[in-house]
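Each chain gets a letter, A, B and so on, in the order its sequence line appears, and its residues count up from 1. Remember, it's a predicted structure, so these values are computed and weren't measured experimentally.
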Amino acid sequence: MKLSCNISVKHLTRVEGHGNINIRIKDGKLEEASWEVVETPRFFEAMLVGKKWDNAPYISGRICGICSIGHTLASIRAVENVFGMVPTRQTNTLRLLLKHMETLQSHVLHLYFLAAPDFVSLGSVLPLITSHPEVVQRAVRLKLLANDACDIIGGRRLHPTRTVVGGFTMLPEKEQLEKLKQRLLASVEDLKQTAALFTTFAIPDFVRETEFVSLKGTDSYPFIGGNLLSTDGLDLPEHEYKKMTNEYCVEISTSKWCRVSRQSMAVGALARINNNHHLLAPLARQVADQFGLKPVCHNPYMNNIAQLVECVQVVEDSLALIDELLGAAMLEPRQPVAVKAGIGVAAVEVPRGILYHCYDFDEEGRIRKADCVIPTTQNNANIHYDLNALARQCAGEGKTDREIELLASMLVRAYDPCISCSVH
Amino acid sequence: MPANLTYLGVELARPRVAFFELSSCEGCQLQLLNNEATLLDFLSLVEVVRFREGMTEAGDDYAVAFVEGSVTRADQELQLAEIRKKAKVMVAFGSCACFGGVNQLKNRFSDQEWVKREVYGDFHVDTQLARPISDVVKVDLMIYGCPVKKEEVERIVTDLLLGKAINHPKYPVCMECKANENICLFDLGEPCLGPVTRAGCDAWCPSNRMGCWGCRGPADAANIPQMARIMAEHGFSTETLLDRLECFGGFAAHVEEIRKKG
Amino acid sequence: MVEKIAFVDVLKDKAVDDLLHDLSRFEYTYKAEITNVYPLTQTERLYQIQIKDPDERNRFIFRPGQFVMLELPGIGESPFSISSSPLRRGDIELCIRGVGNLTNFLARLERGAEVGISGPFGTSFPVETMQGQNIMLIAGGLGLVPLRAPILHVLEHRSRYGEVDIIYGAKQPSELLFTYQYEMWRKFDISLNIIVDKADESWQGPVGLITETLKERIVVRNAETLASNTFAIVCGPPVMFKYVCKMLTEAGLPMQKMFVSLERRMHCGRGKCCRCNIGSTYTCLEGPVFDYWTVMNLKEAI
Amino acid sequence: MIFKVFAKDELTRLFEVLSVNRVVGPVQKGLDRKNRPIYSFEVVDNFDDLRLDYPSTLYPAKRYFLPFEETLSSFTLESGSWEKHVDYNVYQPQVMFGMHACDINALNKLDKVLINSVHPTPYYASKRRNMFIIGIECMPQPHCFCRSMGADTVQHGFDMFLTDLGDRYFAEILSSTAYNYLLKIKTMEASETDHQEYRQVVREKSSKFTTHVDTTDLTKILDMEFQADVWKQWGDKCLSCGTCANVCPTCYCYGVQETVDMNLQAATKTKQLYSCNLIDFAEVAGGHNFRPEAHIRLKYRYYHKHRGFVEAFEESLCVGCGRCGESCLANINVPEVIASVRYEE
Ligand SMILES: Cc1cc2nc3c(=O)[nH]c(=O)nc-3n(C[C@H](O)[C@H](O)[C@H](O)COP(=O)(O)OP(=O)(O)OC[C@H]3O[C@@H](n4cnc5c(N)ncnc54)[C@H](O)[C@@H]3O)c2cc1C
Ligand code: SF4
Ligand code: SF4
Ligand code: SF4
């Protein structure tokens, strides 16, 4: 039994943005366990007001440096939904491929550079460069592949330059896609090695029941658009996203919090798999099985594994998408735009969970109101309550301060939070 | 890793570098991790003592501070002053730090209370106008771009190590756009700020058929009145011109002038 | 059967012994060694540089007024006037002021460091034509550097020249170059007149603008010899040589007998990059040494 | 000169024969906002991709002989010592299939500075000497003033020049290589009818010029008008963006940059085509700029092309292709600038 401890991690490292962990236990009683978000807000929803529709994807992509592609695509989809535009099959395929590659690069970044050091008791990946060069090289190879792919399809790996309302400004060349395919095929081995590496890591044993929200796949593992599904039984159309988020403000956080059926909710890779396990591609499912990842899994640390499974999932799916692109003649990259007034919502699964953009346009296509709900925003309350439960469990088990601090940090990192994005 | 490096027989001290972020998307720092192919070479050139996005250890003994993001809260001013005290070279890293970046778009509303209410309702949040870091402390070097271009960052860091002066191109993006033999976007019916924006990005956007939005700020001889004429001649409204000019804050003075003229 | 078009190796048809038209010379640099470095002032250093290969060294002939391109891999390549006697061939001296990338990095190099040298390039002072006549060598600031080669030439062939005046102006005494050689120059029967803009405690000589000293020397040398029997070489910042040349012209010295050395930005030194063009004259090919009449006819030269 | 004619289909044969080499020719690169095609010189594998009736290309074929960026030399370094490696970056002959007279004239002008002068540059010479050029007769576009610059016909600097006579080509043969290649296809001696038709085409071309530049006494007039106010007016419009130089088939000015690899084991010396309109073109160490203002730089460009080069080589450095005026977003173009300096309307 642990009697007292006082942990304060000011600006948790190896996460995107600024957040603090506070845990205070006194006389064996938990006094405080909190997830404090101190990021400065940038007010994207206000700055978009009055801007013309073509500014929306360009500006709102800057909400996040890690998932700028996801934001851009969500924004574009919201605009297209207002204008009643239906993207061509080619555009949809390319967008999904682009998104997959962002997911891959983001997950690899998280798994190797941000999460892995904890499992080998290091502060960063740097020492591994000399001690385990093959591991670092593998990570770099996977990330490079994904980023190169983003360059080819989106024009730029960060804040893409080819993605516009109506489609793309330019298309990749077939030879580029052919080369990408070869590299993706070769990456399967790297992913298997990655899985092997993660089997050597001890995933902390911690469970707290919560509600998982994600897109609902119909015939394939979902990433762009469709219904919203929760493990507590809600099934809503895309445009009713507010019922799935219910943002509210809390004192300890400049990021808002969300909840649906309970105290808190979770989104992300684990939520996606919990809701769509049956839609995983064969190899991805095999990896899930390897780690015993089955719905509904309530161990937040397993989000790391869920990300790993998704890496395999997106590579498998990308190969199919490329085959489809290679099999058809390239058509016009871009559709013309006809401006309309109205409200449009887009739900897109970005690496850290479901992302919503919603715009209200006037007749000239100027934004009257903008709303963006970020995955980490939806996770913040869950992180907070997880920390509470974890602290209680640790106190009960009599863990040392260092152990508690590490477990707490790892817990938050497992969500791969994107804090500046959640504050936007 | 070698403590000291040499070039042409001259000993070069590996600079100790630290990274900090204010209000930003952290994309510019991410660009460093996006250096995959050359990441290891990069790490042998410098000694990273602080990089919150990637490492837990945090040193306070650094010579070069890369600061990303713009200033939007009082505590950041204090933080900047602290960093300035320690750093020999203060680098404004990315357009947010150089000009305020997209963050300064909120400054265009005269009623900043409305801005807060629009996002947070009645809930209290602490915030000020978004400013470039040079408004608060002396900056020694600007690295432009939203995001910064990794090749450029690498060259700059190598040059810093060698003691070379860092010279940004003084000419506009059009120069690089032509060197890429692109079809001018105006010929394709798209607006572009290439004629007035500082080059150095290798015409990143126009080469992908996206008009330039001016993320690197004005070129040395930016001819804004002529730019306005060109936009008008090609059928683009002043609103479109202003949307782009004001997007990253680099053209703030010009925007103000155009607005004043009405 | 179809044959491919035959590949032409352009280097094959190089002219024998024609360095100026040999294609393979274009990007060729002599490997040279910094054999010695002397700090002359706060900002200027004198570098003794020797071409390493003895044959190449021997074949390196230059004329006073010409320049070389000095290269440091990865750092830069820039033009510098050769400041030593032409008799020393590929064993040259450059006096270099630290102002930018190359020149500042150079200052960090030590004896024994390797540099690349190409050249010599450009026109020179017509020291042969000047034989039998009086010479006025007028320098402002760093302008003494290109003047040192003709000075040394004149010293080495002292009997072939008439009266020799050196008129040298600097901002302050601490900026004077080659001070250790003044005594020697004077011993060769040369009238050395130095003037500074601003004196310090150590300074005994005259204070003021170079034109004041020049005025005195013009009186000494008299109008008649100036008109018929004198050449002048003027080096220094544009404002300086503009006034000096005007004064000399008014004193009767023909413009074709006055020579100046112009400085422009240069990236190749070989008449290709156009960076040094004045109007459309290549400073690196048709200059850096020009007679004043030509300069007068160049738009935007001064 | 030897003249021959051959049926149009034979050109496909000739292309096939030549295509064992790298072939570069005009192809359509896209459409502009008014749906007009845009042409460009690209490597062509397929004869059908060639558009020999192209009016003009957006960019000249410059990148094949004066690339925008070229490595001049590279260095390997080892503890204080270094080795320099030079490569002229040409490995194979190139066939330029379908260049207009103006662009071949541009090459001839470049030859004068870059090959037939002191310090000839091997980077250009090696590419130029390894070119097999097939010229093709064209019809003037509204922006063409090559006739005024004496560049509407070309006497040398190519291997073979074709004129379209409807169902056949009229070929001037200048090199023995061209002669030998023509042996591989079916050709006929040019008859009097062919000559007649050829003259007809030439007459038609002559009649179609709509843009003219008066070059009479131009060197002197430029000299006289060095201080003229018109320069200031053009300078106000100029964006100092270098576009005119970049699309010019004869602009060759450049800058050199030296970079060190991040591993400090290697360095590179690169040349980039520059433009005299860029603000720092004439800036020297310490920051002094010999041409600090846009109008002074613009004026310099005209002086170099239309006065200096004429003094040095007795011809202008402008071939009248009109690309600079077409590409300039500020609508600065040679005919209007020269006319304004001459105080013509
Ligand atoms: C014919 C001639 C003779 C010269 N002789 C001497 C001399 O004897 N001693 C001396 O100290 N200096 C001399 N200079 C000036 C010297 O070339 C410059 O100071 C030098 O180029 C600065 O190089 P940097 O890399 O240190 O400066 P940076 O400013 O970093 O220069 C970058 C590049 O700009 C170009 N550049 C900048 N300034 C000049 C300039 N003034 N002239 C030519 N190119 C320039 C060079 O290509 C250089 O590589 C001479 C210049 C010329 C043209
Ligand atoms: S400059 Fe752009 S990419 Fe860099 S931090 Fe700011 S918003 Fe992100
Ligand atoms: S696309 Fe933009 S950068 Fe390129 S030439 Fe046109 S205006 Fe200039
Ligand atoms: S083209 Fe313009 S917007 Fe794009 S990176 Fe370059 S300067 Fe920035």
Side-chain angles (χ1 to χ4, degrees), chain A residues 11-18 39-52 54-55 58-59 62-66 68 105 109 113-114 117 122-126 129-130 136 140-141 143-144 147 154-162 164 169-170 249 254 256 369 409 420-421 424, chain B residues 1 21-31 33-34 36-37 39-40 43 48 51-58 69-70 72-73 75-76 96 101-106 108-109 114-121 123 125-127 130 146-147 190 204-205 207-210 213 239-240 243 247:
Chain A
H11 296 186
L12 178 65
T13 57
R14 281 184 282 123
V15 293
E16 196 278 354
H18 299 85
E39 189 72 34
T40 50
R42 287 169 292 155
F43 299 93
F44 273 88
E45 285 134 330
M47 65 172 94
L48 284 167
V49 172
K51 285 282 177 194
K52 273 267 180 72
D54 55 336
N55 285 243
Y58 194 80
I59 295 173
R62 264 84 184 163
I63 287 178
C64 181
I66 302 189
S68 58
Q105 87 82 18
L109 174 74
F113 290 54
L114 311 185
L122 289 174
S124 78
V125 79
L126 294 181
I129 294 173
T130 31
V136 180
V140 162
R141 205 158 45 232
K143 226 169 95 36
L144 183 62
N147 271 330
R156 180 160 70 186
R157 53 193 63 183
L158 208 160
H159 303 325
T161 51
R162 291 187 178 183
V164 285
T169 60
M170 260 177 126
C249 296
T254 47
K256 295 171 186 173
K369 191 137 189 85
S409 301
S420 59
C421 181
H424 62 287
Chain B
M1 249 165 261
E21 57 289 313
L22 308 176
S23 302
S24 72
C25 80
E26 296 198 10
C28 288
Q29 286 191 63
L30 192 74
Q31 278 293 75
L33 292 178
N34 280 343
E36 291 95 358
L39 187 61
L40 301 184
L43 290 171
V48 182
F51 183 59
R52 209 208 69 258
E53 206 170 329
M55 62 196 268
T56 296
E57 300 85 352
S70 43
T72 66
R73 209 163 57 192
D75 58 337
Q76 294 173 329
C96 288
V102 283
N103 311 321
Q104 52 79 48
L105 278 173
K106 71 165 184 169
R108 74 185 202 281
F109 298 101
W114 171 85
V115 171
K116 284 199 223 174
R117 246 179 297 122
E118 179 70 10
V119 179
Y120 285 97
F123 190 75
V125 283
D126 183 9
T127 186
C146 180
E190 295 280 326
W204 221 348
C205 305
S207 299
N208 285 299
R209 297 215 173 155
M210 147 100 59
W213 284 66
E239 182 179 3
T240 303
D243 271 352
C247 192

Legend entry - Reported OG-to-NE2 distance for the pair B/S23 and A/H18, which is rounded to 0.5 angstrom: 9.0 Å

Legend entry - Interatomic distance, B/L105 atom CG to A/N55 atom CG [nearest 0.5 angstrom]: 8.0 Å

Inset, instruction - May I ask you to test the A/V49-B/W114 pair for a side-chain heavy-atom distance under 4.5 Å? - result: yes

Legend entry - Between CG on residue A/L126 and CG on residue B/L43, distance to nearest 0.5 Å: 6.0 Å

Legend entry - Selection from A/Q105, A/K369, A/H424 maximising heavy-atom pairs under 4.5 Å formed with chain B: A/K369

Legend entry - Side chain, backbone, both or neither of B/Q104 within contact of chain A (heavy atoms, under 4.5 Å): neither

Legend entry - Side-chain donor or acceptor of A/T169 paired with backbone N/O of B/N208 under 3.5 Å: yes

Legend entry - Interatomic spacing from CE in A/M47 to CZ in B/R108 - rounded to 0.5 Å: 8.5 Å

Inset, instruction - Output, in order, the C-alpha distance, side-chain angles, deciding distance and verdict of side-chain contact (heavy atoms from CB on, under 4.5 Å) for B/T240 and A/K52. - result: CA-CA 8 Å; B/T240 303; A/K52 273 267 180 72; 5.7 Å; no

Inset, instruction - Would you check if A/K51 and B/D243 make a side-chain contact, meaning some heavy-atom pair closer than 4.5 Å? - result: yes

Inset, instruction - For chain B, find which of A/T254, A/L114, A/V164, A/L144 contributes the most heavy-atom pairs closer than 4.5 angstrom. - result: A/L144

Inset, instruction - Name the option with the most non-hydrogen atom pairs under 4.5 Å to chain B; the candidates are A/E39, A/K256, A/H11. - result: A/K256

Legend entry - Toward chain A, the part of B/L39 with a non-hydrogen atom under 4.5 Å: side chain

Inset, instruction - With side-chain contact (heavy atoms from CB on, under 4.5 Å) as the test, would you mind laying out the steps for A/Y58 and B/V102 before giving the verdict? - result: CA-CA 10 Å; A/Y58 194 80; B/V102 283; over 6 Å; no

Inset, instruction - Please examine the side chains of B/M210 and A/P160, heavy atoms only from C-beta on, and report whether any two atoms are closer than 4.5 Å. - result: no

Inset, instruction - Select one option (side chain, backbone, both, neither) describing which atoms of A/L12 are under 4.5 Å from chain B's heavy atoms. - result: backbone

Legend entry - Exam field: side chain B/E26 to backbone A/I66, donor-acceptor pair closer than 3.5 Å: no

Legend entry - Side chain / backbone / both / neither for B/R117 at chain A, heavy atoms under 4.5 Å: neither

Legend entry - Heavy-atom pairs under 4.5 Å with chain A, option from B/L33, B/V48, B/L22, B/N34 with the top count: B/N34

Inset, instruction - Could you tell me which of B/D75, B/V125, B/T56 has the largest number of non-hydrogen atom pairs under 4.5 Å with chain A? - result: B/T56

Legend entry - Smallest separation among heavy atoms of B/E118 and A/E45, with atom names: CG-O, 4.4 Å

Inset, instruction - For A/R156, enumerate each residue passing the side-chain contact (heavy atoms from CB on, under 4.5 Å) test, keeping only those at least two apart in sequence or located in another chain. - result: A/R62, A/H159, A/T161, B/P147, B/W204, B/C205

Legend entry - Pairwise side-chain contact, B/L40 with A/V140, heavy-atom cut-off 4.5 Å (strictly under): no

Legend entry - B/Y120 and A/F43 aromatic ring geometry - parallel, tilted or perpendicular at 30°/60° bounds: perpendicular

Inset, instruction - Compare every heavy atom of A/P41 with every heavy atom of B/R73, then report the nearest pair and how far apart it is. - result: NH1-CD, 4.4 Å

Inset, instruction - With rounding to the nearest 0.5 Å, note down the distance linking CD in B/E53 to CZ in A/R14. - result: 12.0 Å

Legend entry - Audit row: A/R42, B/V119, side-chain contact (heavy atoms from CB on, under 4.5 Å) steps and yes/no: CA-CA 10 Å; A/R42 287 169 292 155; B/V119 179; over 6 Å; no

Legend entry - A/C64, part contacting chain B, at a heavy-atom distance under 4.5 Å: backbone

Legend entry - Sole residue of B/T72, B/N103, B/T127 in side chain to side chain contact (heavy atoms under 4.5 Å, CB included) with A/T40: B/T72

Legend entry - Side chain, backbone, both or neither of B/S70 within contact of chain A (heavy atoms, under 4.5 Å): neither

